[in-house]
Number of protein chains: 2
Amino acid sequence: MKTVPLHSAKKPAVACNNCSLSELCLPRGLTREELELLESSINKTVKIKKKDYLFHRDDKQQSIFAVKAGAIKTSLSTPDGEEQILGFYLPGDLLGFDAFARDRHTCDAQALDDTLVCELSMDNFQELCGKLPAMRGQMMRQIGSELEREQMLLLTLGQMRTEERLATFLSSLSERNKERGFSSNEFNLPMARHDLANYLGMAVETLSRMFSRLQEEKIISVQHRLVKIEDMARLKQLAHHTCHPAGDVL
Amino acid sequence: MKTVPLHSAKKPAVACNNCSLSELCLPRGLTREELELLESSINKTVKIKKKDYLFHRDDKQQSIFAVKAGAIKTSLSTPDGEEQILGFYLPGDLLGFDAFARDRHTCDAQALDDTLVCELSMDNFQELCGKLPAMRGQMMRQIGSELEREQMLLLTLGQMRTEERLATFLSSLSERNKERGFSSNEFNLPMARHDLANYLGMAVETLSRMFSRLQEEKIISVQHRLVKIEDMARLKQLAHHTCHPAGDVL
DNA sequence: ACAGCGCTTTGATTTACATCAAGAAAGCAT
DNA sequence: ATGCTTTCTTGATGTAAATCAAAGCGCTGT
């Protein structure tokens, strides 16, 4: 097993403590020393072009990743070419946990845009988990969030009608933006209609109709990817199925 | 934090090494000494009567649990009383990971039958994770499986038609039984129609119709909860959407 | 045994959504 | 700009599955 230099002589390429995402990402709750150890363990930041893959299903797991800029979607696909999008990962989100079961990724991860991710190798990850209980705790929380997010999506797909699904999605994207200090009333969708429809388990046409419907009802206004929430109360009401205020990823 | 006696004088109440489930449960891959440490950390085994709850949503997480006998369902429910069943946990399955995100459970866990579970307190769990890398690894794998299982269910709910959903479910239950040394061709469903229908995101009536349809097509035969698979090849073909042979829980 | 209750199946009808089809708008290259 | 491709919206039609309704079956307990 590779060992991590405890205090590397030269300044690491990655500086988590300067990163605007440090409160959302792994560093949260770590002490100064722990943070330094983490920084020196981050292997590098990687650029991925739009439509390129960060990993494929069945790839051996090398690392876990943190999105720094851009957006990633993960999806499962079937022999006959059908796909189900499992999640959208935006800046501050971690991904790669899916491979914990068998050391191989269980889904594909593709960039929706030109994207920047930080990479932490599994070796380093394991070592940090052994050494730093706080780091292990933070990691557990991240995995827990992932589990929770998928559970919410199950509820959405299993129980809600299409309008509710969209309302729920918009409401949680809004929450998410608020948490990150962005506007909760006006934002751009990071994904195309096609991807969102698939994620929400409906046809693109249906999604489009639901956007129109919410607009007619004066709950939102949309043009292309720009969404404005005009009546948050009614949106939340439509999305009342949703139990959680929080949620880390979409 | 409580400390775990390294070698308790008296024999622990729990004997993982005698347990028929040790190959599926936490002990897998642990050395003799590690196993002893685990055994002495298991707090107790708990009995839960049919319809009683192991935990509720928002309960503070005290423990993780391993099902020894019986069956547990986990579910999410909405303010207006709708429910989505998230998983069925059978002997050898672990549950409780959902609380990792916020130290509180994100779903309810209810016994489908009189049930026996082993309980490992979070304190002991944390301690073991720090001490035993093998144990931490096994735990990560378990969590990974949970994530993977939920992903498969998302694919099922998002993309499949009702007949495919049932076929997929039966096929994976069959696999699961084979792995545990039970018959893969003939088994009892551990849950009522109502619960299965909800889990698969359809109405009870539709589920019933799909059972009938599969029976008409001579793929299975059903009476009450007893299912016989008459034509495994065609069942798998119907369930072709499913990518994975494995899968730990349902 | 019987009644009574919950669970399951089957049938008739309705409906939400998918599919099919076409047009409008936006992005991209030349 | 111009045309071309891709993405998105809207309309018309079809269908899978929900809902409504009722009957059959298998429990439980008296």
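Please read all numbers here as calculations on a predicted model, not as lab measurements. We name chains A, B, ... by the order of the sequence lines, and we start the count at 1 in each one.
Both tests hold for A:Arg193 against A:Phe211: distance to the six-membered ring centre under 6.0 Å, angle to the ring axis within 45°.
Looking at residues 206-214 of chain A, you'll see A:Thr206, A:Arg209 sit with a heavy atom under 4.0 Å from some atom of DNA chain C.
Position along DNA chain C of the nearest nucleotide to A:Gly201 versus B:Gln223 favours B:Gln223 as the more 5'-ward residue.
Across every non-hydrogen atom of B:Thr115 and B:Ala69, the tightest pair is CG2-O, 3.1 Å. Between A:Gln159 and B:Asn198, the shortest heavy-atom contact is NE2-ND2, 3.4 Å. In plain terms, the two heavy atoms of B:Pro190 and B:Leu112 that are nearest each other are O-CD1, 3.8 Å.
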Report all side-chain donor-acceptor pairs from residues 218-233 of chain A shorter than 3.5 Å, counting only partners two or more places apart or in another chain.
from: A:Ser221; atom 1: OG; to: A:Glu230; atom 2: OE2; distance (Å): 2.9
from: A:Asp231; atom 1: OD1; to: A:Ala233; atom 2: N; distance (Å): 3.4
from: A:Asp231; atom 1: OD1; to: A:Arg234; atom 2: N; distance (Å): 3.2
from: A:Asp231; atom 1: OD2; to: A:Arg234; atom 2: NE; distance (Å): 3.1

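Put simply, the side chain of B:Gln84 does not reach to within 4.5 Å of the side chain of A:Met160, judged on heavy atoms.
In the helix from C:dA1-D:dT30 to C:dT30-D:dA1, the rotation axis of the first five pairs and that of the last five pairs differ in direction by 50°, rounded to 10 degrees.
B:Asp93 has no carboxylate O lying under 4.0 Å from a charged side-chain N of B:Arg149, or vice versa, which leaves the two without a salt bridge.
A donor-acceptor contact closer than 3.5 angstrom links the side chains of A:Glu119 and A:Ser63. Side-chain contact, B:Asp59 with B:His105: no donor N or O sits under 3.5 Å from an acceptor N or O. B:Thr106 and A:Gln151 share a side-chain donor-acceptor pair at under 3.5 Å.
By the side chain to side chain contact (heavy atoms under 4.5 Å, CB included) test, B:Arg161 is found to be paired with B:Glu164, residues two or more places apart in sequence or in another chain being considered.
Mapping heavy-atom proximity under 4.0 Å, the span of DNA chain D touched by chain A runs 5' to 3' from D:dC8 to D:dA12. The footprint of chain A on DNA chain C, defined by a heavy-atom cutoff below 4.0 Å, extends from C:dC17 to C:dA26.
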List the steps, then state whether ring-ring contact (aromatic ring centres under 6.0 Å, His included) holds for B:Phe182 with B:Phe187.
CA-CA 8 Å; B:Phe182 299 118; B:Phe187 44 82; over 10 Å; no
